[in-house]
Participant: 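Please read through the structure below; I'll follow up with questions.
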Amino acid sequence: MAGQAEKVFVPTDTELLQAQSDLWRHTLCYLTPMALRCAVDLGVPTAIHRLGGAASPSELVAALSLPTSKLPFLARLLRQLATAGVFSATDAGTYRLNPLSYLLVDGVRIDGDASQTALVRAAASRYYVEAAMGLADWFRKDFDGAVPSPFEDVHGAAIFEESMVLLDPEMDQLLHDALAAHDHMGIGPVLRQCHELFDGLESLTDCGGGDGTTARSIVEAYPHITCTVLDLPKVMDKVLPAEEGAVKYVSGDLFHVVPPAQAVLLKLVLHFWSDEDCVKILAQCKKAVPPRDAGGKVIVIDIVLGSVSGPMLETQHLMDMVMLVVTRGRQRDEKDWSEIFVKAGFSGYKIVKKLGARAVIEVYP
C-alpha cells in the first residue's frame, strides 16, 4: 500500500558475524593470487620439489637464498597458500606439493608441457589487475560500435594483437606462454577417457593448434590418425618443420578456410570470440568436414557453464569473468552452445564427457 514503510531486514547476531567474515574474505581474497604469484616468482614449488617434495620455511629460506630476516614472513605466506589449497601443510611444520602446486614446478611435464607458471604470472599481472579495476568506469561508458574489453579500454591494446607487442613485448610473450600452457593442459584425460571421439577417425584438423602439442599427442595415442594444425602465420612462422610425420602445419585464418578433414578440433578456442564470430568459425568448420553419416564432426573442448557444482562452478564463473575483463568473448552454458550450433547450420550435438571444469562436445553437420 502506498506510503507504507518498507520492512527493514535485521540480521541475527550469528548472521551478522558470518556476513562480516564473508565480506572480509571477499574483500581480501585478491591477496591469495598475489601470494601465489610471489611463490611462483620466488620458485617455491620448484624448491620444495628439489628438496624431496617437502620442506620447512627455514629450509626454503636457505634454498632460495632469501634473507634470514624474512623467515617469519615466508612462514605466513606459506600458511595462507596452504589454507587456500596450494600446498599441503604437515604436523611437522613442513609444506608438501599437492596436485595443484605440482603444476608449478619448473621442468615437470604432464600431458605435454603442463607447467602453469606463465598462467599465474599473467593472471596476477598489473595489466589484468588494472583492467579489472577499471570495470566500473567501463560499465558507465556508452561505446560507439563494437564494445571493447575493459583490458582494451584501460590499456589501449588487445591481447594477442600487434597492439600488445607495441605496448609491452615482454607481457605479450608472457600472454602467449600462458595461452600455450592453458591450451596444452588436459589433453591427456581426453585421450584416455574419450576413446569414442577417435574410433574410426582417419584425419583431424586442429584449429588454433599452435606448436602442434595437442596434435602430436593425438597421433601418439592414435597413430592411424593424420593431423593438420591450422594457426595464424605469425604462429606458424615459429613452427618447424612444416610437416612432422603424421602432423602437417598450415598457415591460415579459421575465419576464411579450414583444411578439410573427417573431424575438426576446436580446443579452448571459441570462448575467446563473440557469438557472431563463433558462428562464422563453426560455419567454416562445417564446410571442412564430410556429412555425419561419413563420420564428419566438429569436436569442441570448452567450458559448459553449470555442468558442475560446488567450487568448480565458481571456477567456471571466474573463467567467464576473465573473458569479460580481457577479451570480447565469453564462457557459455549448454543453451548458449546449442544456439550457436544451430545458427552455424549443424544438425545436432552431444556432450560426450565432462572433464573437470570443461566438457567435450561432438557437433554434427
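Values reported hereafter were calculated over all heavy atoms of this structure, with side chains retained and with hydrogens, waters and symmetry mates removed.
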Participant: Listing request: all side-chain hydrogen bond (donor to acceptor under 3.5 Å, both in side chains) pairs with a residue in residues 299-311, at least two apart in sequence or in separate chains.
Facilitator: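 Matches after skipping sequence neighbours: His271-Asp302, Ser307-Gln316.
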Participant: Report yes or no: do Val257 and Leu254 belong to one cluster of Ile/Leu/Val/Met/Phe/Trp/Tyr joined by side chain heavy-atom distances under 4.5 Å?
Facilitator: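 Different clusters.
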Participant: Run the salt bridge (Lys or Arg N to Asp or Glu O under 4.0 Å) test against Arg50 and tell me which residues pass, sequence neighbours left out.
Facilitator: none
Participant: Parallel under 30°, tilted from 30 to 60°, perpendicular over 60°: which one fits the rings of Tyr95 and Phe87?
Facilitator: perpendicular
Participant: With clusters built from Ile, Leu, Val, Met, Phe, Trp and Tyr whose side-chain heavy atoms come within less than 4.5 Å, directly or transitively, what are the remaining members of the cluster of Met319, listed by chain and number?
Facilitator: Ile303, Leu305
Participant: Not counting sequence neighbours, which residues clear salt bridge (Lys or Arg N to Asp or Glu O under 4.0 Å) with Lys141? List them please.
Facilitator: Asp153
Participant: Using the test salt bridge (Lys or Arg N to Asp or Glu O under 4.0 Å), find all partners of Glu339 that sit at least two apart in sequence or belong to another chain.
Facilitator: Lys335
Participant: Please verify the inter-ring angle class for Phe341 with Tyr349; under 30° counts as parallel, over 60° as perpendicular, anything in between as tilted.
Facilitator: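 Tilted.
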Participant: Run through Asp206, Leu282, Ile299, Val289 and flag the one making a side chain to side chain contact (heavy atoms under 4.5 Å, CB included) with Val264.
Facilitator: Val289
Participant: With a 4.5 Å heavy-atom cut-off, do Thr214 and Val190 have their side chains touching?
Facilitator: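 No; the side chains remain at least 4.5 Å from each other.
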Participant: Who are the salt bridge (Lys or Arg N to Asp or Glu O under 4.0 Å) partners of Asp253, not counting sequence neighbours?
Facilitator: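 Asp253 satisfies salt bridge (Lys or Arg N to Asp or Glu O under 4.0 Å) with no other residue.
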Participant: Apply the test salt bridge (charged side-chain N to carboxylate O under 4.0 Å, His left out) to residues Asp336 and Arg330: give CA-CA distance (whole Å), side-chain angles for both, the deciding distance (0.1 Å), then the verdict.
Facilitator: CA-CA 10 Å; Asp336 298 326; Arg330 56 182 292 217; 2.9 Å; yes
Participant: How long is the straight-line distance from CD of Glu276 back to CZ of Arg328, given to the nearest 0.5 Å?
Facilitator: 12.0 Å
Participant: Could you tell me the separation between the CZ atom of Phe255 and the CG atom of Asp277, rounded to the nearest 0.5 Å?
Facilitator: 4.0 Å
Participant: Can you confirm whether Arg216 sits close enough to Thr213 that some side-chain heavy atom of one is under 4.5 Å from a side-chain heavy atom of the other?
Facilitator: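 Yes. Closest side-chain heavy atoms under 4.5 Å.
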Participant: Please tell me if the side chains of Ser217 and Glu220 come closer than 4.5 Å, counting only heavy atoms from C-beta onward.
Facilitator: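 In short, these two side chains do not touch, never coming nearer than 4.5 Å.
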